[in-house]
Every structure is written in C-alpha cells, then in structure tokens.
Amino acid sequence: MRLSQFHLATVKEVPADAEIASHQLMLRAGMIRKLASGLYTWSPLGLRVLRKVEAIVREEMDRAGAIELLMPSVQPRELWEETGRWEKFGGQLLKIKDRKEQEFCYGPTHEEVITDFARNELKSYKQLPVNFYQIQTKFRDEIRPRFGVMRAREFLMKDAYSFHLSQESLAATYEAMYQAYTRIFTRLGLGFRAVQADTGAIGGNASHEFQVLADSGEDAIAFSDGSDYAANIEKAEALAPSIQRPAPSAALQLVDTPTQKTIDEVAAFLGVAPQQCVKTLLVRGRDGLVALCVRGDHEINEVKAGKLAELPGESALASEEEILALTGTRPGFLGPVGLPASVPVIVDRSAAVLADFVCGGNRDGSHYTGANWERDARVTRVEDLRKVVEGDPSPDGKGLLRMARGIEVGHVFQLGKKYAEALKASVLDDQGKSQVMSMGCYGIGVSRIVAAAIEQRHDEAGIVWPEAMAPWRVVVCVLNQRNVPEVTEAAETLYRTLCERGIETVLDDRGLRPGAMFADMELIGIPHRVVISERGVAAGSFEYRGRSDSESRTLSAEALLELLA
RNA sequence: CGGGGUAUAGCUCAGUCUGGUAGAGCGUUGCGUUUGGGACGCAAAAGUCGGGGGUUCGAAUCCCUCUGCCCCGACCA
C-alpha cells in the first residue's frame, strides 16, 4: 500500500470526549469516527486492524473444529418469547417494528436463533457434537456507552454455540474452546489471564472469562500469588477464617453516636478498628427484608448475595422508608441486635467470628459496643457474602490473593439445557429416544480486543501494536523525495522487494516533512520503520528503527531483510 | 432512571455574566521559500452560534421549551 493512495486521517488534538488512552489514540490515529453515542465507523486504517483480529479468531476456531455460519442481526419477537427473554433481557434489547407492525429486536446475542437453527437441523446423535460460530455485529443498548469501541452499543463479536448429548462431550468442547482462546490471545500478543467467572442468571456448570490485564479495565480480578488460581472478584470465594470465635468478654452497651453513620466515622469516634465493627445492610427478600452482615472493612458481594435462597435472585437495597417502617431507624444505625424475628440475619464468615463487636443500635444516633452473636444477636445462617480483598487466603489453599484490573475480551460458558429445553431442541439418541441437547457458548469481543490491545500497549507517541495486529508490519519512509530521484528509486525498490517476500509493507510516499511523517507512523503504531534518505542511499545502507527502540540502526540490505523476514 | 455539565468554523476552544458588525489556534485551499522529529511567509475559503418559541429597536448573549452529546451514580456478556 502506498500512503499517497490511502486514506490516512490522523489528528493532533485529542477530542474532548475521549477519556482513556485507547479511545484517544484510536480517534487521533483516525481508526474510528463516532457517528452517534456508542456507534462508530471503522476507517480503512481501523478496519485493517479489526480484520487482523478477526482472521486469527477465525483460524483458531476452524482449527478447533468449529464451523462458521452467519445468522441475521435482526430477530423476531416470537423466538425471544419462547425463552422468556423478550421481557427479561431488559432495556439493553433494542426493539424495532417493521412496516406490518411486526416486532423484532436487533440481536444482542444469538442463543435463540442458533437453538432454533439446531432444532430444525439436528435430528440424530450422529450429528453431535457440533460447534457453530459466527463473527457478527451485535447491538446492546447499553445504559452508558463509553470508552469508544471498548463499550460501544454496536460491536463486533465472535460467538460460538456447541451442542451435545452428554456432559462429557460438552466438557470436552469447552476444554477445546478454552485452549483455542488461549492460542488466540497468545497469537494476538496480549497479556491476558483466564479467570473463573460467575455463571450469572444463566446458571450452568463452568465459566471462564479471558481478561486482558490493564489498569483501566472495568473488571476486578483476584489471583493467587502461590498458584494459578484466578477469578473474577464476583466469583472469588472468601474462605472462612481459621480462628474460632472468642467467647464474649464485654457487656452489651448502647452508646451515643449522634452524627456518626458510616463505619469509618463510628470507628474513629469510638476508637475501635473498622475490623471490629459489623456493617448491616437490609435488602429486599422474597418475603420482606433480609439483613446481611459483614465486617466493617469488608464489602458485600452482590453476586454472592443474590444467590441466597431468601433473595429473589438479585440483591436490591431496601429504601429508607422500608427500613424506617421495619426498624424505626435510618440507614447508618442499623445492626443485628434486636431486629424483628421475621428478618433473617445472614452473616458473613468473617463477621461471624467477631466477638465484642460494634454495630448499629437500631435507633437513630446510637450504636452498640460489646455485642456478641447468639448472646445478643440472632444468626440465621453464616454464608460467604463479601468481596475478597488483597491478602485474603487463596480459595485453593495455596498462597494469598492479589488484585488486578482486566478487560473482558472472551467468555466461555457451559450453558446446559436451558435454551434447548425452552426451544425444544432435541435429537434421537442411540436407543431411538428423544433427548434434549446440552449447549455451550463461547464469545469473543472482536472490536473490544482492538481497544484492549492499545490500552495495554501504547506510549507517549502513540500505539505500539503487537505484530499480529498492526495495520502493516513495516513502513518505508521516503525523505525529501522530490529533490533526489535516487532516494525515491531506492524506496520503491525496497518496497517492491518487501512486498514480493510477503512482508506487509506500507510506503510513506506522501512527501511530508520527516517530523510529521515519523510522528504519524509512531501514532498509528507500525512495528518496523525503514527510512530512505540521501545519506543512506549514498552509503548503500538502510536506517531501521523498531517502534519500541530508542535509537535507529544502520543495516545492510541483507541484514534488513533477515530482520524483517 | 437520578444528579451535574455542555452545544459557537472540519477539530480544540474563547466570546454569554454586562444584548449592539462572528473570533483564535490547529486543519483545509492557492502561491512562494523550506525538507532528519508535527516548518515559515503571504493570500483565501469556511459558521441557520443545536432546534423551536418568546422578550427587545436589536439576541450567540436574557426567558421558556425540545433535542443531542459528555461526566458521576444505579445497571451490565
């Protein structure tokens, strides 16, 4: 490619609404342009990168035995009614009507469509297992799109769905996908980690997220410093402390805390550590309010809380009015002592081993000191309720937990029979009996990977692409080409040679001043740069500089070709 | 959905408080000089001041209203 024939549109100024590095750099490099909130045009430059990612994903999916197909992006309401998700999916589902007032949605995911396809196509166990995938545009009407293509509303995703008669077969394909994903992210040159994930409302047996490690990531992940354990913080188990609860030694005493509502305020006021306090939250349960208690320095893990039998599948905090009606006090003074008998008291493992603790007095402006479980406060049950924190023991018993931030770029999931049952997708087994199929699903955020890579790999000058994702591997920069024909000839010759050898090369023949040209090529992150100048031509050598190198090197033609081969 | 902000040239922004001829930098076009780290000079094009309504002799500026976009929160493969 000759840059004089390409549409390169870099800009110097950072657009005002870009916050994170990848968004800023993608706009400055001219890879994307915003059309509306969460909607982006991929420019020719951006598309080259997107296609690189897509190609690697496709190769590895094919290698792993998956079969590509393509489903519609627009899907009929009736199909979504069959699984109940027309209502349950919520506001993220973009609903549209056609001219006959028939209702459709723009597909946010394709479980319904693929399962419909499977129930029509798959009749016999002999056709199983099978794994279908597509690389396709999805739309989710995110409440708050942000960070450019990192969290866009329209985005490109690879989604695969496998079908099985046995759990063993599902587990085998799941493992194959896990391996394929590892290969994909390794080939892309990304620093990533596969972490255990919560299976959410979908249920299922196993789930891993593939997280690209980056400080700007929206997900928190916990990993062990003593083993390969790693999990999304939503999933990471907080082990029960190994100590026994000490016997009560203090008397229960109500003390005035007129304006101290938060744990920090109360702890400072009373001169105790937050670890010696119990924080109580009231949430809406199936039958009235439920009390959740954690240690003062810990936080409730809403995913864990949502799984409690007493809750309706999600944890929603009670309103101030509900709390006032039940306890006669306001948030800030809640505690487990003296709650009505109708309120279940679920206590976190770490809070359950406290003795002589501080907690809310259930009346405005007071807290208890010297409170003790059983003696003063009911314990309905002890559960794992809290978010893990740095330094917690690893759930596998090896090492301590550390925290990192990640960008979720892939997710593998054993779905089980949920969708196949809802849509009656079954095949005949070897006994001639009808069996509902089990499913797995496996997603990769293709467009998000581009942003995630930049987030992980950039410097002051711009993007630093991994070789596998770069729009071109090599740029040949022509200096002062108008005045010295020999320089142009030398550049053309090198450009042709590289192209003939299958090395993806771009020739910067725009005739810009050197500074502007170098700045552009560094901004768009080309891994290898060769400068052709009068000086070099006279000496018969080439000036080479890698994107991350601090200095240029002078190379002979042979050395250069060897380096780029 | 709650709170906050913002909308002026292709981009980044002044101008709005205190009403009176529409501004700058970058980018773009032309000519010339330049050519190893985002050159310089001269000339030029470019704006329904987000939309609608109102007040006024006169509105980018004041009032009402609608909309887009951004941030924080709640939410989320």
Side-chain angles (χ1 to χ4, degrees), chain A residues 9-20 23-24 27-28 30 33-39 85 88-93 107-111 138-148 150-153 155-161 197-202 204 207-211 218-219 232 234 302-303 306 314-317 319 406-413 415 441-448 460-462 477-484 487 508 510-524 529 531-536 543 545 550-552 554:
Chain A
T10 56
V11 290
K12 278 189 219 171
E13 275 169 303
V14 183
D17 54 5
E19 281 189 281
I20 61 171
H23 189 193
Q24 292 174 353
L27 288 168
R28 283 194 54 212
R33 295 286 185 235
K34 185 168 78 170
L35 178 65
S37 181
L39 302 178
R85 291 211 293 180
K88 255 169 68 185
F89 208 89
Q92 279 197 56
L93 192 63
T109 179
H110 281 72
E111 280 86 7
K138 306 248 192 278
F139 189 97
R140 293 183 190 174
D141 199 357
E142 294 284 350
I143 295 168
R144 191 140 88 83
R146 57 184 139 178
F147 305 150
M150 186 79 82
R151 180 168 292 279
R153 291 195 291 179
F155 57 99
L156 190 65
M157 183 170 175
K158 186 284 301 175
D159 49 327
Y161 306 88
D198 183 67
T199 49
I202 302 174
S207 178
H208 285 85
E209 290 166 353
F210 286 76
Q211 297 272 0
E218 294 187 271
D219 290 339
N232 190 304
E234 293 175 349
E302 292 182 25
V303 171
E314 55 172 20
S315 69
L317 284 175
S319 69
I407 299 164
E408 183 188 354
V409 291
H411 201 157
V412 294
F413 228 111
L415 277 182
C441 80
Y442 321 94
I444 287 182
V446 177
S447 45
R448 179 181 281 183
E460 304 73 32
C477 292
V478 197
L479 256 56
N480 201 4
Q481 59 177 354
R482 279 183 208 152
N483 297 349
V484 190
V487 170
D508 194 345
R510 294 175 298 169
L512 297 186
R513 300 170 66 86
M517 186 158 46
F518 297 158
D520 268 354
M521 293 305 104
E522 283 159 13
L523 175 59
I524 71 171
R529 180 182 84 190
V531 176
I532 309 295
S533 65
E534 209 172 342
R535 204 157 75 196
E543 180 186 321
R545 181 162 169 181
S550 54
E551 300 209 336
S552 299
T554 303

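Letters go in sequence order (proteins before strands), and every chain restarts at 1.
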Integer angstrom distance from the [atom1] of [N] to that of [M]:
N: B/rG54; M: B/rG19; atom1: C1'; value: 15 Å
N: B/rA7; M: B/rG52; atom1: C1'; value: 16 Å
N: B/rU21; M: B/rG30; atom1: P; value: 34 Å
N: B/rG15; M: B/rG23; atom1: C1'; value: 7 Å
N: B/rG32; M: B/rC70; atom1: P; value: 45 Å
N: B/rU6; M: B/rG50; atom1: P; value: 13 Å
N: B/rU12; M: B/rU65; atom1: C1'; value: 30 Å
N: B/rC42; M: B/rG25; atom1: P; value: 11 Å

Among [options], the nucleotide that comes nearest once only the side chain of [X] is considered:
X: A/V531; options: B/rC26, B/rA74, B/rG36; result: B/rG36
X: A/K12; options: B/rC26, B/rC72, B/rG36; result: B/rC26
X: A/E19; options: B/rG36, B/rG38, B/rC72; result: B/rC72
X: A/R146; options: B/rC72, B/rG38, B/rG37; result: B/rC72
X: A/E408; options: B/rG38, B/rC69, B/rA77; result: B/rA77

Apply side chain to side chain donor-acceptor pair (under 3.5 Å) to the pair A/D219 and A/Q211, showing each step before the final yes or no. CA-CA 8 Å; A/D219 290 339; A/Q211 297 272 0; 3.1 Å; yes
No-H, no-angle donor-acceptor pair, [X] side chain to [N] base, under 3.5 Å:
X: A/E543; N: B/rG36; value: yes
X: A/R545; N: B/rG37; value: yes
X: A/R144; N: B/rC76; value: no

With distance as the sole test, does A/S533 use its side chain to make a donor-acceptor pair with the main-chain N or O of A/V478 at under 3.5 Å?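 Flag not set: sc A/S533 to bb A/V478 has no pair under 3.5 Å.
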Look only at the side chain of A/R153 and the backbone of A/S37, and say whether a donor-acceptor pair between them is shorter than 3.5 Å.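 Judged by distance alone, yes, a pair lies under 3.5 Å.
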Ignoring hydrogens, what is the shortest heavy-atom contact between [X] and [Y]? Give both atom names and the distance.
X: A/L156; Y: A/S447; value: N-OG, 3.0 Å
X: A/E209; Y: A/A197; value: CG-CB, 3.5 Å
X: A/Y442; Y: A/Y161; value: CD1-N, 4.4 Å

Just the rounded figure in Å: distance from [atom2] of [N] to [atom1] of [X].
X: A/L35; N: B/rG68; atom1: CG; atom2: C1'; result: 13 Å
X: A/R153; N: B/rG68; atom1: CZ; atom2: P; result: 10 Å
X: A/E522; N: B/rG38; atom1: CD; atom2: P; result: 12 Å
X: A/E234; N: B/rC75; atom1: CD; atom2: P; result: 11 Å
X: A/R28; N: B/rG10; atom1: CZ; atom2: P; result: 21 Å
X: A/L317; N: B/rC1; atom1: CG; atom2: P; result: 22 Å
X: A/N480; N: B/rA39; atom1: CG; atom2: C1'; result: 14 Å
X: A/Q92; N: B/rC76; atom1: CD; atom2: C1'; result: 5 Å

Once you apply a heavy-atom cut-off of 4.0 Å, does [X] come out as touching a base, just sugar-phosphate, or nothing?
X: A/M157; value: base
X: A/D520; value: base
X: A/R529; value: base

Under 4.0 Å: is that the gap between some side-chain N or O of [X] and OP1 or OP2 of [N]?
X: A/K34; N: B/rC70; result: yes
X: A/K138; N: B/rA77; result: no
X: A/R513; N: B/rG38; result: no
X: A/R140; N: B/rC76; result: no

Could you tell me which nucleotide pairs with [N] by Watson-Crick or G-U wobble geometry, both distances under 3.5 Å, or answer none if nothing does?
N: B/rG73; value: B/rC1
N: B/rU12; value: B/rA24
N: B/rC62; value: B/rG54
N: B/rU6; value: B/rG68
N: B/rU33; value: B/rA39
N: B/rC49; value: none

Distance under 6.0 Å and angle within 45° of ring axis: A/R448 vs A/F155: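 So A/R448 doesn't make the cation-pi contact.
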Given side-chain contact (heavy atoms from CB on, under 4.5 Å), test A/T109 with A/R140 step by step and report yes or no. CA-CA 9 Å; A/T109 179; A/R140 293 183 190 174; 3.8 Å; yes
Using heavy-atom distances to pick each residue's nearest nucleotide on RNA chain B, tell me which of A/S37 and A/E209 is more 5'.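 Residue closer to the 5' terminus by nearest nucleotide: A/S37.
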When the nearest nucleotide of RNA chain B is assigned to A/F155 and to A/E13 on a heavy-atom basis, which residue is associated with the more 5' position? A/E13
